[in-house]
Every structure is written in structure tokens, then in C-alpha cells.
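Take a look at the structure below.
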Amino acid sequence: MTGMPTRRLGALEVSAQGLGCMGMSHGYGDADDERSLATLHRALDLGVTLLDTSDYYGAGHNEELLGRLLAGRRDEVVLATKFGFVNRLGEPAAVRGDAAYVRQACDASLRRLGTDHIDLYYQHRVDPQVPIEETVGAMAELVAAGKVRHLGLSEAGAETVRRAHAVHPIAALQSEWSLWTRDLEREIAPVCRELGIGLVPFSPLGRGFLTGRYASVEGLAASDVRRTQPRFADGNLEQNLAIVRKLEELAAARGVTAGQLALAWVQHRGDDVVPIPGTRRQRNLEENLGAVNVELSAEDLAAIDAAAPAERVAGTRYDEGSLKLVGK
Ligand SMILES: NC(=O)c1ccc[n+]([C@@H]2O[C@H](COP(=O)([O-])OP(=O)(O)OC[C@H]3O[C@@H](n4cnc5c(N)ncnc54)[C@H](OP(=O)(O)O)[C@@H]3O)[C@@H](O)[C@H]2O)c1
């Protein structure tokens with residue numbers, strides 16, 4: 001798509017919407033590499049530059065998949081990956097952020113990605129056992145070595161963001177942000193704005209729920225993480241669906257889908273915000289990219305806020321174990 005607008009994450013220029021690649025390897029049921037690759041190529045053809053992966057997604061599979069795309073199109077991509085989780089999906093969460101691990105993880109990611117540099121390298125979760133200065137110090141050495149161009153954090157707390165940024169400029173904070181997850185608005189986003197750090201909302205579609213197409217967990221694969229997430233649990237799901245039905249009404253009145261409305265709402269949080277909806281499918285990719293051009297007035301935004309008040313969302317966004325690692 002010519003004319004895809006761009007936004008800045010710190011000193012990094014990226015398409016106004018990125019593509020989250022996690023579901024192509026892990027979390028949301030079966031993946032098909034050839035279908036995923038076709039979606040990735042289509043994303044680049046449509047002007048998406050920011051691709052988001054992690055060494056965690058499919059235990060390296062997602063980075064290897066992106067490596068296949070990058071082999072021919074490296075220059076078109078702003079490549080973002082992450083390190084930190086040392087457990088596999090489904091095992092209790094465990095993270096490492098010591099300097100030796102940072103170096104080792106980066107080299108392993110570069111090998112899987114088949115490239116000599118990562119454009120945006122995130123710490124996936126802060127390691128509570130390691131001072132952030134040590135972790136970001138090691139990440140800064142990767143920048144000096146030319147292996148990494150820009151640094152990011154994910155789900156870090158406000159104080160950690162400040163301390164990290166004092167060691168080396170942080171280009172972006174990637175944290176969950178959507179109509180049903182607004183935790184970072186109070187304290188963390190203002191600190192990022194004060195420091196010139198861009199915001200990358202993950203799961204901006206509420207793990208698909210805000211599209212209105214997930215009315216039950218019945219059809220989901222046995223391995224789908226949503227089956228274990230409190231907001232999709234019996235009782236909570238019904239209450240949350242009532243919110244989505246209102247969003248669908250507002251969307252229909254504006255000639256867009258509920259998912260597009262949810263994405264446009266995130267996009268309207270500010271010019272420093274670059275959501276990364278995830279999809280394995282070209283059709284959904286195209287729908288999601290349509291949100292980039294949806295203009296919402298102050299009145300529209302107020303109507304959306306009123307239809308989806310955060311306090312009416314039932315259930316926490318993660319289970320207890322995973323919640324312990326966010327906002328640290
Ligand atoms: N930093 C972190 O800790 C963290 C955590 C979670 C995610 N992330 C990143 O953020 C990205 C996005 O988050 P996410 O994938 O968790 O959640 P999301 O973008 O809110 O939703 C993804 C889900 O919605 C479905 N979907 C996407 N577009 C759709 C559409 N137009 N209509 C109907 N269904 C649609 C996808 O299924 P289909 O594949 O079938 O389209 C998938 O199941 C991830 O890919 C990952 O890169 C980061």
C-alpha cells in the first residue's frame with residue numbers, strides 16, 4: 001500500500017501499524033508456515049514495516065519463520081524481537097536478564113533470523129533478580145557491536161523504564177494496551193512520553209476478543225492459551241461479550257468492523273503509539289490495516305469509552321503467575 005503512514009518510536013521510524021507474528025507459531029492454535037509466509041509477504045506489500053517476534057514464540061520457530069521471509073526482503077523490514085523467557089509455553093514463567101544471557105540470546109536470535117542485526121531488541125520481561133542497569137548495559141553493548149540498532153522493554157514498570165533509559169535510550173515500551181486493558185495509562189505511559197519513548201500496544205484486539213468473533217472457547221484448539229485466561233472463563237466471557245456487542249453497534253454505525261474500531265481507538269491514543277495486531281491470515285491482516293485510515297472524532301472516542309469502561313471488564317488479563325511479571 002503506498003501511502004501507509006509512518007510513526008516514530010524514539011528514533012526509529014515504522015509503519016503506523018505493525019504485525020504481531022506470535023500466533024504464527026504459538027498461543028492461538030495451529031499454524032501453517034506457508035499460509036503465514038504468504039501473510040507476511042502481503043503485509044510487506046501493503047506497506048507494513050514493523051514485524052514483531054520473540055525467541056519465545058514457538059521456542060525459536062517464529063524467528064526461523066521470519067528468517068525465511070528476511071532472506072529476500074531484509075531491507076523492507078524493521079525487525080523487532082525479544083529475549084528473556086527461558087521457560088516454554090505452558091510451563092511456569094521464568095525469565096533471565098543477566099548480561100551473559102543477553103549476549104547468548106542475541107546471538108541465538110540472529111542465527112535463527114539469518115540476519116546480522118536486529119532493529120529493535122526488547123527485554124520480554126524484567127528479571128526481578130537482576131538490576132535493570134546490568135541488563136540494559138549488556139543490551140547497549142550489543143548496539144555498540146552493531147548487532148542491535150534500538151532497545152526496547154516489555155511490560156516494565158515506570159521506575160524501571162526511567163532507570164533503563166538512563167543507561168541507554170529506550171526507543172519503545174511494548175505492553176498490553178487495548179479497550180479492555182488500560183493499566184499503563186495512569187503511570188507508565190506518561191513516563192514514556194516524558195522521556196520520548198514510543199508505545200507499542202500488544203494484543204490490541206484483546207487476543208481477538210474485541211473483534212466479536214470469539215463468543216466461546218468451544219471452537220479453540222486444546223493448546224490455545226485463551227482457554228486458561230481469566231477473561232475467557234465461564235461467567236467472565238458472557239459479561240465481556242456484552243461490551244463487545246456494544247462496540248459492534250458503534251462500529252456498524254460508522255461502517256467499520258468492531259476490530260477496526262478497537263484498533264483505531266488504540267491508534268488514537270497518540271502519534272507515538274504503534275499497535276501490533278497479530279494474525280496468521282491475509283484476510284484479517286487486510287481488515288486490520290483498514291483501521292489505520294479510520295478517523296475518530298472526540299465524540300466517537302467518548303462513545304467508545306462509554307461503551308467499554310475498563311471497570312466493567314470481568315477477569316484479570318493474565319493468570320496469577322504471569323501477572324507477577326508485569327509492571328516490574
Ligand atoms: N510483549 C509481550 O509480552 C506480548 C504478549 C502477547 C503478544 N505480543 C505481541 O503482540 C502481537 C499481537 O497480540 P496478540 O496476537 O496476542 O493479540 P491480538 O492482536 O489482540 O489478537 C490476535 C488474535 O485475534 C485474531 N484476529 C486478528 N485479526 C482478526 C480479525 N480481523 N478478525 C478476527 N480475528 C482476528 C487472531 O487470529 P488469526 O490468526 O486467526 O487471525 C488471533 O487469534 C503478538 O503477535 C505478539 O507479537 C507480545
Side-chain heavy-atom pair Val217, Asp224 within 4.5 angstrom cut-off: no
Are any non-hydrogen side-chain atoms of Lys147 and Asp107 less than 4.5 angstrom apart? yes
Which heavy-atom pair separates Ile188 from Ala158 by the least distance, and what is that distance? CG1-N, 3.9 Å
Test side chain to side chain contact (heavy atoms under 4.5 Å, CB included) on Tyr214 and Leu220 and set out the steps. CA-CA 9 Å; Tyr214 295 83; Leu220 302 181; 4.0 Å; yes
Assess, by modelled atom type and distance only, whether the side chains of Asp33 and Ser36 contain a donor and an acceptor separated by less than 3.5 Å. no
Rounding to 0.5 Å, atoms CD1 (Ile304) and CG (Leu261) come to a distance of 4.0 Å
How about Leu110 and Thr115: do any of their side-chain heavy atoms sit closer than 4.5 Å? yes
Does Gln267 reach the main-chain N or O of Pro275 with its side chain, forming a donor-acceptor pair under 3.5 Å? no
4.5 Å side-chain heavy-atom contact, Val126 and Gln123: yes
In Å and rounded to the nearest 0.5 Å, what is the CG to CD distance from Asn293 to Gln17? 10.0 Å
Please tell me if the side chains of Ile243 and Trp180 come closer than 4.5 Å, counting only heavy atoms from C-beta onward. no
Do you know the tightest heavy-atom contact between Leu120 and Gly152? CD1-N, 4.0 Å
Less than 4.0 angstrom from a charged side-chain N to a carboxylate O is my criterion; do Asp271 and Arg8 meet it? no
Treat each ILVMFWY residue as a node, draw an edge where side-chain heavy atoms are under 4.5 Å apart, and state whether Val148 and Leu51 are in one component. yes
Inter-residue atom distance Leu205.CG - Ile276.CD1, 0.5 Å rounding: 11.0 Å
Please give me the minimum heavy-atom distance between Glu238 and Ala233, naming the atom from each residue. OE1-O, 4.4 Å
On the 0 to 90° scale, with breaks at 30° and 60°, tag the Tyr101-Phe83 ring pair as parallel, tilted or perpendicular. tilted
Are the side chains of Val200 and Tyr122 in touch, meaning some heavy atoms are under 4.5 Å apart? yes
Do Glu63 and Ser109 get their side chains close enough for a donor-acceptor pair, meaning under 3.5 Å? yes
Are any of the side-chain nitrogens in Arg68 or Glu34 under 4.0 Å away from the carboxylate oxygens of its partner? yes
State whether Arg74 and Asp119 are salt-bridged, where the test is any N-O pair (Lys NZ or Arg NE/NH1/NH2 against Asp/Glu carboxylate O) under 4.0 Å. yes
Quick check against the 3.5 Å criterion: does Gln174 have a side-chain atom that pairs as donor or acceptor with the backbone of Phe202? no
So OG1 of Thr257 and CG of Asn288: to nearest 0.5 Å the spacing works out to 7.5 Å
Under 6.0 Å from the CD atom of Glu91, do we count more than 12 heavy atoms belonging to anything else shown? yes
Would you check if Met4 and Leu46 make a side-chain contact, meaning some heavy-atom pair closer than 4.5 Å? no
Arg96/Val130 under side chain to side chain contact (heavy atoms under 4.5 Å, CB included): CA gap, chis, key distance, verdict: CA-CA 8 Å; Arg96 269 185 72 182; Val130 176; over 6 Å; no
Between Asp272 and Arg193, does any NZ, NE, NH1 or NH2 come within less than 4.0 Å of an OD or OE carboxylate oxygen? yes
Nearest-0.5 Å distance, NE2 of residue His61 to CE of residue Met24: 10.5 Å
Keeping the roles fixed (side chain from Asn240, backbone from Asn236), state whether a donor-acceptor pair exists under 3.5 Å. yes
Examine Leu151 and Val102 and state if one hydrophobic cluster contains both, with Ile, Leu, Val, Met, Phe, Trp and Tyr joined whenever side-chain heavy atoms are less than 4.5 Å apart. yes
Indicate whether any N or O donor in one side chain lies under 3.5 Å from an N or O acceptor in the other, for Tyr28 and Arg207. yes
Working for side chain to side chain contact (heavy atoms under 4.5 Å, CB included), residues Leu66 and Val77: CA-CA 10 Å; Leu66 258 65; Val77 176; over 6 Å; no
Using modelled atom types only, decide if a donor and an acceptor are shared between the side chain of Gln260 and the backbone of Glu287 within a distance under 3.5 Å. yes
Establish, yes or no, whether the cationic atom of Arg231 lies under 6.0 Å from the six-membered ring centre of Phe209 and within 45° of the ring axis. no
Do the non-hydrogen side-chain atoms of Arg149 and Leu12 ever get within less than 4.5 Å of each other? no
Looking only at side-chain N and O atoms, does Trp265 offer a donor or acceptor that is under 3.5 Å from a partner on Asp300? no
Would you mind checking if Asp45 and Arg73 are paired as a salt bridge, meaning a charged N to carboxylate O distance below 4.0 Å? yes
Measure from the side-chain N and O atoms of His268 to the backbone N and O of Ala264, and report whether any donor-acceptor pair falls under 3.5 Å. yes
To the nearest 0.5 angstrom, please state how far the CG atom of Asp52 sits from the CG atom of Leu50. 6.5 Å
Can you tell me if Lys82 and Tyr57 form a side-chain donor-acceptor pair at under 3.5 Å? yes
For His150 against Ala11, the heavy-atom pair lying closest together: CE1-CB, 3.9 Å
If only atom types and distance count, is the side chain of Arg7 paired as donor or acceptor with the main-chain N or O of Gly270 below 3.5 Å? yes
Taking all heavy atoms of Pro204 and all of Ser178, pick out the closest pair and write down the distance. O-CB, 3.4 Å
Linked, directly or transitively: Leu173 and Val14 (ILVMFWY side chains, under 4.5 Å): no
Quick one, Asp98 with Thr135, criterion side chain to side chain contact (heavy atoms under 4.5 Å, CB included). Give me CA distance, side-chain angles, the key distance, then yes/no. CA-CA 6 Å; Asp98 54 286; Thr135 307; over 6 Å; no
I'd like to know if the side chain of Thr49 reaches the main chain of Val78, judged simply by a donor and an acceptor atom lying under 3.5 Å from each other, with no hydrogens or angles considered. no
Strictly distance-based, threshold 3.5 Å: is any side-chain N or O of Thr181 a donor or acceptor partner for the main-chain N or O of Glu176? no
Looking at Arg245 and Glu248, is there a salt bridge between them, counting it only when a charged N and a carboxylate O are closer than 4.0 Å? yes
Donor-acceptor pair, side chain of Arg125 and main chain of Ser322, under 3.5 angstrom: no
Any idea which heavy atoms bring Val266 and Val273 closest together, and the distance? O-CG1, 3.6 Å
Under 3.5 Å, is there a donor-acceptor pair between the side chain of Arg227 and the main chain of Ala221? yes
